[in-house]
**Student:** 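Next up is a structure, given as structure tokens.
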Amino acid sequence: MEKKADISLEIKQICFTGNSIKITDLCSGKHQIFYKEIVFACLHIHDGETGVFYEPEITEITENMEGEVLLYDINRCCWRLQTNLSGKTAGVILKELAYRAPYILLGGQPWFHIEQKEDFAEIKNMVGLMRQG
């Protein structure tokens, strides 16, 4: 499975519906991402002290965290949601996603590397099992 290109969106508006996220992007218009297509979501946060970007684990995430929300779909495409124009923090957006799609893997995970095909296949399998339950 080849990784598809990343899609970067500068969110003007975001709406969580019963089965999808609807996004209005500053430049490219409207997009829809179905929850059933998302397998992994995390935050991409800039650490002001070290200058390094990191992906906090789910237990470290708070609603006031600013940054990007990264959504990986079943095809390993990464949707980079830039939240600075949305009026919502990255932490709030991830919390809403967790509420709407509790079966996806959330937060940085030290045990896998998303770039590795085998690790991604394991995540897809885990999410598939959670959806069946």
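Keep in mind that this is a model prediction, so the values were computed, not measured.
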**Student:** Do Val92 and Leu43 land in one hydrophobic cluster if side-chain heavy atoms of ILVMFWY residues count as linked below 4.5 Å?
**Tutor:** no
**Student:** Thr59: what forms a side-chain contact (heavy atoms from CB on, under 4.5 Å) with it, not counting sequence neighbours?
**Tutor:**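 Per chain and number, Thr59 pairs via side-chain contact (heavy atoms from CB on, under 4.5 Å) with Glu57.
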**Student:** Closer than 3.5 angstrom, by distance alone: can the side chain of Glu66 be matched with the main-chain N or O of Asn64 as a donor-acceptor pair?
**Tutor:**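 Answer holds: no.
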**Student:** Locate the shortest heavy-atom distance separating Ile61 from Gly107; write the atom from each residue and the value.
**Tutor:** CD1-CA, 4.2 Å
**Student:** Quiz question: by atom type and distance under 3.5 Å, do the side chains of Glu63 and Thr89 form a donor-acceptor pair?
**Tutor:**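 Not at all, the side chains of Glu63 and Thr89 share no donor-acceptor pair under 3.5 Å.
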**Student:** Quick check: closest heavy atoms across Ile45 and Gly67, and the distance to 0.1 Å?
**Tutor:**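 Closest approach of Ile45 to Gly67: CD1-CA, 4.1 Å.
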**Student:** Sequence neighbours excluded, which residues qualify as side chain to side chain donor-acceptor pair (under 3.5 Å) partners of Gln13?
**Tutor:**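 Scan of Gln13 (side chain to side chain donor-acceptor pair (under 3.5 Å), adjacent residues dropped) gives none.
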**Student:** Which heavy atom of Ser86 sits nearest to which heavy atom of Ile93, and what is that distance?
**Tutor:** OG-CD1, 4.2 Å
**Student:** Has the side chain of Asn75 got a donor or acceptor atom that lies under 3.5 Å from a matching backbone atom of Cys77?
**Tutor:** no
**Student:** Taking the side chain as C-beta and beyond, is there a heavy-atom pair between Ile11 and Val69 under 4.5 Å?
**Tutor:** no
**Student:** Taking only residues two or more places apart in sequence, or in another chain, which ones meet Lys88 in a salt bridge (Lys or Arg N to Asp or Glu O under 4.0 Å)?
**Tutor:** none
**Student:** Assigning hydrophobic clusters by single linkage (Ile, Leu, Val, Met, Phe, Trp, Tyr; side-chain heavy-atom cutoff under 4.5 Å), is Phe34 placed with Ile74?
**Tutor:**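 No, separate clusters.
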**Student:** Under the salt bridge (Lys or Arg N to Asp or Glu O under 4.0 Å) test, which residues partner Glu96, sequence neighbours left out?
**Tutor:**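 Once residues adjacent in sequence are excluded, the partners of Glu96 under the salt bridge (Lys or Arg N to Asp or Glu O under 4.0 Å) criterion are Arg100.
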**Student:** Once rounded to the nearest 0.5 Å, what's the spacing between atom NE2 of His113 and atom CD of Glu118?
**Tutor:** 11.5 Å
**Student:** Supply the atom-to-atom distance Phe112 CZ to Met126 CE, rounded to the nearest 0.5 angstrom.
**Tutor:**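 That separation rounds to 8.5 Å.
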**Student:** For side-chain contact (heavy atoms from CB on, under 4.5 Å), just list the numbers for Asp119 and Trp111, CA-CA rounded to whole Å, side-chain angles, deciding distance to a tenth of an Å, and then say yes or no.
**Tutor:** CA-CA 9 Å; Asp119 288 356; Trp111 60 269; 5.8 Å; no
**Student:** I'd like to know whether Tyr72 forms a side-chain contact (heavy atoms from CB on, under 4.5 Å) with Leu105, so could you lay out the CA-CA distance, the side-chain angles of the two residues, the decisive distance to 0.1 Å, and finally the verdict.
**Tutor:** CA-CA 10 Å; Tyr72 287 85; Leu105 187 61; over 6 Å; no
**Student:** Could you grab the distance from atom CD1 of Ile114 to atom CZ of Arg76, nearest 0.5 Å is fine?
**Tutor:**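 Atom-to-atom, Ile114:CD1 and Arg76:CZ are 7.5 Å apart.
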**Student:** Could you grab the distance from atom CD of Gln109 to atom CD1 of Ile123, nearest 0.5 Å is fine?
**Tutor:**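 Here the interatomic distance stands at 7.5 Å.
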**Student:** Which atoms form the tightest heavy-atom contact between Leu71 and Ala41, and what is the distance?
**Tutor:** CD2-CB, 3.6 Å
**Student:** Not counting sequence neighbours, list each pair that qualifies as a ring pair (Phe, Tyr, Trp, His ring centres under 6.0 Å) and has a residue in residues 44-67.
**Tutor:** His44-Phe53, His46-Phe53
**Student:** Hey, can you pull the donor-acceptor pairs under 3.5 Å for the side chains in residues 15-28, sequence neighbours left out?
**Tutor:**
| unit_1 | atom_1 | unit_2 | atom_2 | d |
| --- | --- | --- | --- | --- |
| Thr17 | OG1 | Asn19 | N | 3.4 |
| Thr17 | OG1 | Asn19 | OD1 | 3.4 |
| Thr17 | OG1 | Ser20 | N | 3.1 |
| Thr17 | OG1 | Ser20 | O | 2.9 |
| Thr17 | OG1 | Ser20 | OG | 3.1 |
| Ser20 | OG | Gln32 | NE2 | 2.8 |
| Asp25 | OD1 | Glu10 | N | 2.5 |
| Asp25 | OD2 | Cys27 | N | 3.1 |
| Asp25 | OD2 | Ser28 | N | 2.7 |
| Asp25 | OD2 | Ser28 | OG | 2.7 |
| Ser28 | OG | His31 | NE2 | 2.8 |

**Student:** So, does Asp73 use its side chain to make a donor-acceptor pair with the main chain of Glu37 at under 3.5 Å?
**Tutor:**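 No; judged by distance alone, with no hydrogens or angles, the pair does not exist.
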**Student:** Rounded to the nearest 0.5 Å, what separation is found between the CD1 atom of Ile33 and the CD1 atom of Ile7?
**Tutor:** 7.5 Å
**Student:** Mind running side-chain contact (heavy atoms from CB on, under 4.5 Å) on Thr83 and Ile14 for me, showing each step along the way?
**Tutor:** CA-CA 9 Å; Thr83 63; Ile14 186 166; over 6 Å; no
**Student:** Under 3.5 Å, side chain of Arg131 to main-chain N/O of Ile104, donor-acceptor pair present?
**Tutor:**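 Looks like no, no N/O pair under 3.5 Å.
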